[in-house]
Amino acid sequence: MLELRDLVKHYQVGSGEPVRAVDGVSMTVAAGEFVALYGPSGSGKTTLLELIAGLREPDGGSVLVAGRDVFGMSRKEAHEYRLHQLGIIGQPHNLIPGARAIQNASLKLLLANVRKAQPTVEPLLGQLGLGNRLQHRTEQLSMGERQRVLIALALSTDPELVLADEPTGSLDTQRTREVLGLLRDLCREREMALVLATHDPEAAAFADQVHELRDGRLTEYRPDHTPEPIGLPRQGA
């Protein structure tokens with residue numbers, strides 16, 4: 001589904017040495033596979049995800065999604081790629097203040113001109129344990145509930161590839177396990193490729209495959225332990 005070939009992105013800061021944010025990264029992610037990019041802040045994780053999303057131009061290499069080069073797409077094709085083929089899971093502060101859960105979750109469908117966007121996304125919100133929270137406004141939702149609204153938003157157009165940048169950074173341990181467990185379950189159920197960037201070893205332990213990213217380069221990483229699997233959460237959790 002996703003293939004990175006010798007991807008490079010460097011930044012020049014002042015007159016010093018260039019920052020090698022992504023420095024010759026090659027990686028493949030199959031449909032239904034959950035891959036974690038583990039590394040400290042500043043290791044290049046966010047830049048790599050932005051390159052995969054086509055939001056930044058690389059200095060070299062290529063990003064292939066289902067065999068298509070993201071940087072060979074026209075502007076219209078790139079827009080369609082991000083709207084339909086790609087899902088991006090943001091963080092809780094990305095939700096619209098004052099909007100209801102179902103309104104936040106249906107925004108991508110509205111952009112895709114889907115009629116009856118809210119009824120379309122409602123079953124997914126129910127699957128994520130939010131069936132009784134649809135009309136609650138952002139401020140009335142817990143951090144874990146807000147994160148699940150963002151997951152529903154990202155998955156609403158049934159993407160083939162999903163990117164998540166530190167999606168559990170503002171959650172406690174229990175909520176982190178719940179969110180990662182349901183992401184793993186949805187990845188397999190929907191046969192979507194999932195790439196998660198994290199600095200949390202426990203988060204990385206949920207993935208099928210983990211790469212450590214340091215100074216823009218990938219290395220193999222082996223988690224020390226695997227948390228007890230967590231399935232889909234109960235409503236109201």
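None of the values given here were measured: they were computed from a predicted structure. Values below: every heavy atom of this structure, side chains too, minus hydrogens, waters and symmetry copies.
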Judged by atom type as modelled, is there a donor-acceptor pair below 3.5 Å linking the side chain of [X] to the main-chain atoms of [Y]?
X: K45; Y: G39; answer: yes
X: E3; Y: G67; answer: no
X: R133; Y: Q140; answer: yes
X: S106; Y: L109; answer: no
X: N104; Y: I96; answer: yes
X: R20; Y: H10; answer: no
X: R82; Y: G54; answer: yes
X: K9; Y: E57; answer: yes

Joint cluster assignment, [X] & [Y], ILVMFWY side-chain distance < 4.5 Å:
X: M1; Y: F71; result: yes
X: V29; Y: V22; result: yes
X: L183; Y: V35; result: no
X: Y81; Y: V162; result: no
X: I151; Y: L86; result: no

Residues 191-199 side chain polar contacts: donor-acceptor under 3.5 Å, at least two apart:
unit_1: T198; atom_1: OG1; unit_2: D200; atom_2: N; d: 3.0
unit_1: H199; atom_1: ND1; unit_2: E166; atom_2: OE1; d: 3.2
unit_1: H199; atom_1: ND1; unit_2: E166; atom_2: OE2; d: 2.9

Do [X] and [Y] have side chains that get closer than 4.5 Å, going by heavy atoms?
X: F206; Y: T176; value: no
X: L128; Y: L155; value: no
X: L171; Y: E178; value: no
X: T219; Y: R214; value: no
X: I89; Y: Q147; value: yes
X: V63; Y: L2; value: yes
X: R146; Y: T138; value: yes
X: Q118; Y: Q103; value: yes

If I compare all heavy atoms of [X] with all of [Y], which pair ends up nearest, and what's the gap?
X: V121; Y: S156; answer: CG2-CB, 4.0 Å
X: L163; Y: L49; answer: CD1-O, 3.5 Å
X: S43; Y: P40; answer: OG-O, 2.8 Å

Open item on the list: Can you confirm whether E17 is buried at CD, in the sense that more than 12 heavy atoms of other residues, nucleotides or ligands lie under 6.0 Å from that atom?
Closed with: no
Open item on the list: Are there over 12 heavy-atom neighbours, none belonging to D172, within less than 6.0 Å of that residue's CG?
Closed with: yes
Open item on the list: Quick test of your reading of the model: are E145 and R148 salt-bridged, counting only N-O distances below 4.0 Å?
Closed with: no
Open item on the list: One pair to check against salt bridge (Lys or Arg N to Asp or Glu O under 4.0 Å): D158 and R190. What are the steps and the verdict?
Closed with: CA-CA 8 Å; D158 199 21; R190 289 173 168 247; 3.4 Å; yes
Task: Donor + acceptor pair across side chains of H211, Q209 (<3.5 Å) - done: yes
- [ ] Using only heavy-atom distances, determine whether the side chains of S62 and D69 contain a donor-acceptor pair under 3.5 Å.
- [x] no
- [ ] Begin with the C-alpha distance, continue with both residues' side-chain angles, and end with the deciding distance and a verdict on side-chain contact (heavy atoms from CB on, under 4.5 Å) for L153 and N94.
- [x] CA-CA 11 Å; L153 173 62; N94 296 138; over 6 Å; no
TODO: List the steps and the verdict of side-chain contact (heavy atoms from CB on, under 4.5 Å) for D215 and D23.
DONE: CA-CA 8 Å; D215 301 321; D23 195 27; over 6 Å; no
Task: Criterion side-chain contact (heavy atoms from CB on, under 4.5 Å) on R100 and L134, from CA distance to verdict - done: CA-CA 7 Å; R100 302 184 188 279; L134 302 180; over 6 Å; no
TODO: Walk me through it: do R175 and T168 pass the test side-chain contact (heavy atoms from CB on, under 4.5 Å)?
DONE: CA-CA 8 Å; R175 294 292 179 262; T168 59; over 6 Å; no
Task: CD-CG distance between E202 and L180, expressed to the nearest 0.5 angstrom - done: 8.0 Å
Task: Distance (rounded to the nearest 0.5 Å) between D165 CG and I88 CD1 - done: 10.0 Å
- [ ] Walk me through it: do R188 and D208 pass the test salt bridge (Lys or Arg N to Asp or Glu O under 4.0 Å)?
- [x] CA-CA 11 Å; R188 294 170 181 170; D208 300 311; 3.2 Å; yes
